[in-house]
Amino acid sequence: MSPRELSERIVQVARALGFSRVGFASAQPLEEGRDRLDAFLAAGYDGAMDYLSEGPRHDPRQLLPEAKSVIVVALSYGNTPDPPPRSGALTGRLARYAQGDDYHLVLKDKLAALERALPELVGHPVRTRACVDTAPLLERELAARAGLGFHGKSTLVIAPGLGSYVLFGELLVDVELEATPPAALPQSCGSCRACLDACPTQAFVAPHLLDARRCVSYLTIEATGAIPAELRRGLGDRVFGCDACQEVCPYNQGASAQKAPNLLSPRPDRAELDLVALLELGSAGYRKLARRTALRRVNRVTLQRNAAIALGNSGSAAAVAPLVSALENNPSALVRSHAAWALGELAPELDPASRAALRRAAESDGDGDVRAEARAALEAAD
Ligand code: B12
Ligand code: SF4
Ligand code: SF4
């Protein structure tokens with residue numbers, strides 16, 4: 001079988017598994033990507049994501065020394081329903097990719113099926129390594145090299161015809177496959193800068209360059225400690241991830257009407273979560289909420305912290321009582337301190353009882369951060 005025939009048969013199998021795009025790239029090191037990653041790390045834009053500097057991420061052969069090619073697949077989730085209009089209810093938003101099954105599990109299952117099909121397609125045993133997100137690999141560089149899309153100014157890879165709501169997975173193989181030529185036009189953002197202007201925390205340092213420490217996705221998912229006070233308002237009602245830079249992208253307009261299969265099976269009840277229930281989440285509730293979803297990436301306290309901030313951003317008097325309860329009863333100082341901040345944001349809504357709770361926390365909470373946040377909230381209320 002010619003290399004082209006082999007590629008075509010692999011594409012057929014991958015498409016039958018539900019992948020929206022499939023491309024092939026050489027497993028040669030990604031030199032340009034390495035330079036960009038080094039500059040990103042040198043500037044400290046990675047924040048606490050130490051794993052980004054561990055091990056070379058630009059060389060697929062570090063993961064499979066015999067690798068000759070990389071099969072890159074794209075899973076499209078653009079047709080997740082658009083978020084409902086704000087209703088005034090105390091709800092928090094999840095990023096689109098988190099509204100259904102965990103993409104790591106879905107992609108890994110599908111890549112395993114492709115892996116099993118390869119020996120018969122190729123005609124001999126094949127050494128492989130499947131990667132989804134967590135392996136030390138520059139997945140966006142590989143996706144672009146495999147012709148699946150181009151680098152948007154938002155740093156997301158945009159797949160023509162699908163937009164940026166695509167997730168990538170890779171299969172490294174010890175087989176020489178014909179590289180996919182770059183995707184057909186259009187291939188750039190042109191003069192557009194909508195994503196840069198829409199970012200609620202001004203996280204873009206320049207086109208194609210993100211200071212991850214300011215990104216709502218980083219703050220709500222990766223950051224485990226206190227969220228810098230000056231960025232909390234920017235979170236708005238987002239409690240897990242952020243799509244603001246994708247929502248405004250012209251390449252994503254009409255995405256929710258796409259007919260492509262959505263392997264993540266988004267659930268309507270996951271577009272928004274009840275913020276009070278999230279703030280009061282118990283262990284059993286957390287297990288039920290996070291099971292087989294991307295929410296597994298964060299622990300219960302992180303979700304409670306995020307809920308406290310979103311309640312503080314709600315402007316609603318109904319948020320005061322649950323926040324006072326969290327300030328007085330939550331065992332986590334992180335949650336209590338963010339509840340105190342949130343009460344300060346709701347200063348015009350505070351009644352004498354909630355002010356008294358803040359005063360008690362300011363004087364006698366066992367944690368210094370909680371005392372400081374409660375004092376600041378009282379100052380805001382005076
Ligand atoms: C760390 C990480 C994050 C961090 C940092 C993101 C960032 N922009 O660096 C945080 C937590 C903020 C994050 C957020 C999100 N992430 Co993320 N993340 C990753 C992860 C694990 C590593 C990315 C990385 O190495 N960053 C360091 C920078 C320097 O590298 P890079 O962004 O990949 O950029 C490279 C290229 O794009 C290229 N490049 C950069 N600029 C330019 C400019 C030009 C002109 C050219 C030619 C090339 C180029 O050079 C860079 C280095 O090689 C990847 C998975 C993986 N293993 O790659 C997922 C990944 C990038 N994330 C993904 C997703 C879906 C998201 C979110 C949309 C989730 C959400 N809804 O909340 C947001 C989007 C935020 C954004 N605008 O990027 C997808 C992106 C899919 C896509 N279509 O691009 C990935 C690929 C996961 C996956 N398996 O699908 N993420
Ligand atoms: S995901 Fe949100 S916070 Fe992060 S860069 Fe995009 S718009 Fe900004
Ligand atoms: S919003 Fe505009 S600038 Fe940003 S990625 Fe999309 S096309 Fe590019």
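Quantities reported herein were computed from a predicted structural model and do not represent experimental measurements. All ligand and atom numbering here is 1-based and tracks the order in the structure.
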- Item | Which of the ligand 1 atoms, numbered from 1, are nearer than 4.0 Å to a heavy atom of L137 | 56 (C), 57 (N), 58 (O)
- Message: Tell me whether N252 reaches ligand 3 (any heavy atom closer than 4.0 angstrom to a ligand atom).
- Response: no
- Contacting atoms of ligand 1, where contact means under 4.0 angstrom from a heavy atom of S217: 14 (C), 15 (C), 69 (C), 70 (C), 72 (O), 73 (C)
- Does R57 reach ligand 1, in the sense of a heavy atom lying below 4.0 Å from it? yes
- Query: Relative to ligand 1, is L210 under 4.0 angstrom through side chain, backbone, both or neither, heavy atoms considered?
  - Reply: side chain
- Under 4.0 Å to a heavy atom of C215 - the qualifying atoms of ligand 1, by number: 12 (C)
- Task: Select one of side chain, backbone, both or neither to describe which atoms of I158 lie under 4.0 Å from any atom of ligand 3, heavy atoms only.
- Result: side chain
- Query: So which bit of V216 gets within less than 4.0 Å of ligand 2, heavy atoms only: side chain, backbone, both or neither?
  - Reply: both
- Query: So, for atom 23 (C) of ligand 1, does the protein have a heavy atom nearer than 4.0 Å?
  - Reply: no
- ligand 2 contact on Y218 by region, counting heavy-atom pairs under 4.0 Å: neither
- Would you kindly specify which portion of D243 sits under 4.0 Å from ligand 2, judged on non-hydrogen atoms: side chain, backbone, both or neither? neither
- Electrostatic pair D211:R213 at N-O distance under 4.0 angstrom: yes
- Query: At the 4.0 Å heavy-atom cut-off, does E32 count as touching ligand 1?
  - Reply: no
- Side chains of D365 and R336 in contact at under 4.5 Å (non-hydrogen atoms): yes
- Message: With a 4.0 Å cut-off on N to O distance, would you call R297 and D133 a salt bridge?
- Response: yes
- Message: Distance check below 2.8 Å: does C192 bring an N, O or S atom to atom 8 (Fe) of ligand 3?
- Response: no
- Message: Would D243 count as a polar contact of ligand 1, with the cut-off being nitrogen or oxygen pairs under 3.5 Å?
- Response: yes
- For atom 5 (S) of ligand 2, grab the closest protein heavy atom and report residue, atom and distance to one decimal in Å. L210 CD1, 3.4 Å
- Message: Tell me whether ligand 1 is touched by Y103 - counting only heavy atoms on the residue side and a distance under 4.0 Å.
- Response: yes
- Decide whether an N or O pair under 3.5 Å exists between L167 and ligand 1. no
- Query: Is there a donor-acceptor contact under 3.5 Å from the side chain of R96 to the main chain of G78?
  - Reply: yes
- Using the ring of each side chain (for Trp, its six-membered ring), is Y97 parallel, tilted or perpendicular to F240, with breaks at 30° and 60°? tilted
